[in-house]
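The basis for the numbers below is simple: all heavy atoms, side chains too, and nothing from hydrogens, waters or symmetry mates. Atoms within each ligand, like the ligands themselves, are counted from 1 in listed order. The structure presented is a predicted model; accordingly, all values stated were derived computationally and were not measured.
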Amino acid sequence: MHGLIMERELLITDILQHARRNHPDVEIVSETVGGGRHRHTYADAFERTCRLAHALDRLGAKRGDRVGTLAWNTHRHFELYFATAGGGTVCHTINPRLFPDQLVYIVNHAEDRWLFLDTSFVGLAESLAPRLPSIEAYVILCDRDDMPDTSLPNALCYEELLAAEPDDYDWPALDERTASGLCYTSGTTGHPKGVLYTHRGIVLHAMAFAWPDSNDLSMRDAIMPVVPMFHVNAWGSPFAAPMHGAKLVLPGPRMLDGHVLQSLINDEGVTIAMGVPTIWMALMQHLRDKGGDIKPMNRVIIGGSACPVALMDAFRAYGVQVRHAWGMTEMSPLGIINTPRPEFADWPEKRQRAMDAKTGHGFFGVQMKIVDDDDNELPWDGEAVGALKVRGPWVCRAYYRGEGGDDAHDDNGWFNTGDVASIDEYGFVQITDRNKDMIKSGGEWIGSIELENIAVGCEGVAEAAAIAVEHPKWGERPLLVVRREDDAQVDEATLLAWYEDKVPHWWIPDAVEFVDEIPHTATGKISKLALRERFAGYRWKLREA
Ligand code: AMP
């Protein structure tokens, strides 16, 4: 027997409608790309989103079309999120830090019909445009007065498009499983893979985002995502903020600028901020150098890479609570967060801090387990270490267009995260390692296999392995371990120079170590695990990454 409760679809459209009705005067404040601070309200944003939805219709958008964005965290990007999804198209947020071939690949793979871009990406788009046949128009996110001189074919001005349209829109009644957004994530091998979000997944994630033992977001908060809107929807905050009536503070392109972050926190009363450790180290450095405080800030969500204990202590000294979090593009992204259980309050300080330093606990909506090599579930005893698998209503069930094979999903609907973890008797997870051979530098992936393939192309290199080694500023940086051919003389400087022009500059390994033997696994693969153990605690030379 079915119950008699309404089956209203869970739609992104309803989030902004709700904010417009219930929190019309709550502000969205954003640092603009050109400089200066823009402010408007959820009511204003709703109207502009209606205009944008009309503009997309006028451009010929049909349900399911992909709309590409190359943009920072600004109010216009926020509007794009809602106008695309609400109208039934898909917002494809593109990471501008990928290198040109990858950008070309994902735009073509997604078959984006339009590219909405900040003025700062016009040069990049011009260089790619001849290789992007699916793009029908480039919409530049600026006023008419700021329109750059550009060779982009069919360049349109965003504000001009909006000005020509009415400020109400008849939003379609969509199926909640309709695709709403697309974000590509780098894989260990092959091309980036597309994660295709749904209205339902995004709405449920935005609800869970706010729970007290998650981010504890409410209308008493001002939230500042210092994680790009092209990184898993800025961790879901642009959806959660209007849903819960929180003020949204967007740092624009200046996310690594401690001065900008500090002034946004203080001027706008930011109570909660989110980002990768590298961002927060920049803020702490700035505070140490210039002084001042961050008084309004109550808590900071740090994830994307393991959070160093020293960073937690630094925030604590400013009266800011740190919530360590773990997630993935494939998980919308929230999966694990660290808030203390009530029984910890009676524990000695040292033991409490040790729990804070763990990755955190799960929450309703994400089931997790750790398994051994034969997929047997391992106990939650804080000792057993295994592959971390998850499933839930905001976890991706397959990659877009199934490209590149998919051995991450098993037959029982579990997704293998590629991370290795233990789980203790309190349900607290500790991520201990990673099975995927990727290096995460400042929150961005570097492909180790690509680095190795390039290295073995250099004369005198017999075998090479690129491994992630902890780095005080970037979280991890690549270390290249090389076995030379007999009698070869190739040295570090030659090898590092060999990378110039072959990969983005920030991918180039920070150092090269020459060894007599590279360890291998039973199946003959390079044992990254053995190498990571050998070079754990590696002391970087002083060269800046
Ligand atoms: P992405 O899809 O780019 O968000 O990357 C997700 C991956 O980042 C995870 O699978 C982990 O390998 C890593 N990661 C995210 N958060 C953490 C964390 N708190 N500690 C350690 N690794 C993390």
Side-chain angles (χ1 to χ4, degrees), residues 93-95 97-98 102 106 181-188 192-197 205 214-215 225-237 274-280 300-309 311-312 322-339 355-363 366 368 370 385-390 394-396 399-400 408 414-423 428-448 467-471 474-476 528-529 532:
T93 52
I94 303 168
N95 182 348
R97 293 175 185 142
L98 296 177
Q102 288 178 319
I106 66 170
L182 177 62
C183 185
Y184 281 75
T185 179
S186 303
T188 302
K193 293 185 258 188
V195 177
L196 191 59
Y197 302 109
H205 182 271
S214 161
N215 296 300
V226 195
V227 49
M229 288 175 74
F230 52 77
H231 257 177
V232 215
N233 305 321
W235 296 355
S237 51
M274 353 181 57
V276 298
T278 306
I279 296 283
W280 302 122
V300 59
I301 315 303
I302 305 186
S305 301
C307 177
V309 173
L311 184 57
M312 293 187 174
V322 173
R323 296 189 178 187
H324 194 190
W326 169 94
M328 299 180 75
T329 307
E330 287 89 335
M331 298 176 68
S332 302
L334 291 181
I336 290 171
I337 198 154
N338 195 322
T339 57
M355 290 310 272
D356 291 345
K358 288 200 170 197
T359 315
H361 53 78
F363 49 89
V366 179
M368 44 182 194
I370 43 173
V385 169
L388 179 62
K389 289 188 157 189
V390 296
W394 55 82
V395 179
C396 94
Y399 290 105
Y400 180 49
W414 289 93
F415 170 69
N416 188 345
T417 63
D419 287 320
V420 175
S422 65
I423 308 180
F428 274 58
V429 178
Q430 177 70 59
I431 303 285
T432 56
D433 201 2
R434 200 183 282 144
N435 272 333
K436 41 194 179 204
D437 286 336
M438 306 282 290
I439 299 155
K440 208 166 200 197
S441 169
E444 302 275 357
W445 290 115
I446 295 175
S448 58
I467 57 167
V469 172
E470 240 179 80
H471 187 281
W474 298 105
E476 293 173 1
K528 295 284 178 78
L529 188 67
R532 281 199 293 266

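- Contacts between M328 and ligand 1, counted as non-hydrogen atom pairs separated by less than 4.0 Å, involve both the backbone and the side chain.
- Between E330 and Y399, the side chains place a donor N or O and an acceptor N or O closer than 3.5 Å (distance only, hydrogens not considered).
- Among all protein heavy atoms, the one lying closest to atom 2 (O) of ligand 1 is T329 OG1, 2.6 Å.
- Counting only heavy atoms of the protein, atom 7 (C) of ligand 1 lies nearest to W445 CZ2, 3.5 Å.
- The CZ atom of R97 lies 10.0 Å from the OG atom of S441; values are rounded to the nearest 0.5 Å.
- In the candidate list A325, G303, A306, G327, A325 is nearest to atom 19 (N) of ligand 1, counting heavy atoms.
- The protein heavy-atom contact nearest to atom 9 (C) of ligand 1 is D419 OD2, 3.1 Å.
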Quiz item: Stepwise, does the side chain to side chain contact (heavy atoms under 4.5 Å, CB included) test hold for I302 with V276?
Solution: CA-CA 6 Å; I302 305 186; V276 298; over 6 Å; no
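- D419 and W326 share a donor-acceptor pair across their side chains, judged by distance under 3.5 Å alone.
- The single protein non-hydrogen atom nearest to atom 5 (O) of ligand 1 is K440 NZ, 3.0 Å, given as residue, atom name and distance.
- Considering A421, G304, S305 only, the shortest heavy-atom separation from atom 13 (C) of ligand 1 involves G304.
- Note that OG of S448 is 7.0 Å distant from CE of M438, once rounded to the nearest 0.5 Å.
- Looking at K436 against ligand 1, only its side chain comes within 4.0 Å, counting heavy atoms.
- Salt bridge annotation for R532-E476: absent, with no cationic side-chain nitrogen under 4.0 angstrom from a carboxylate oxygen.
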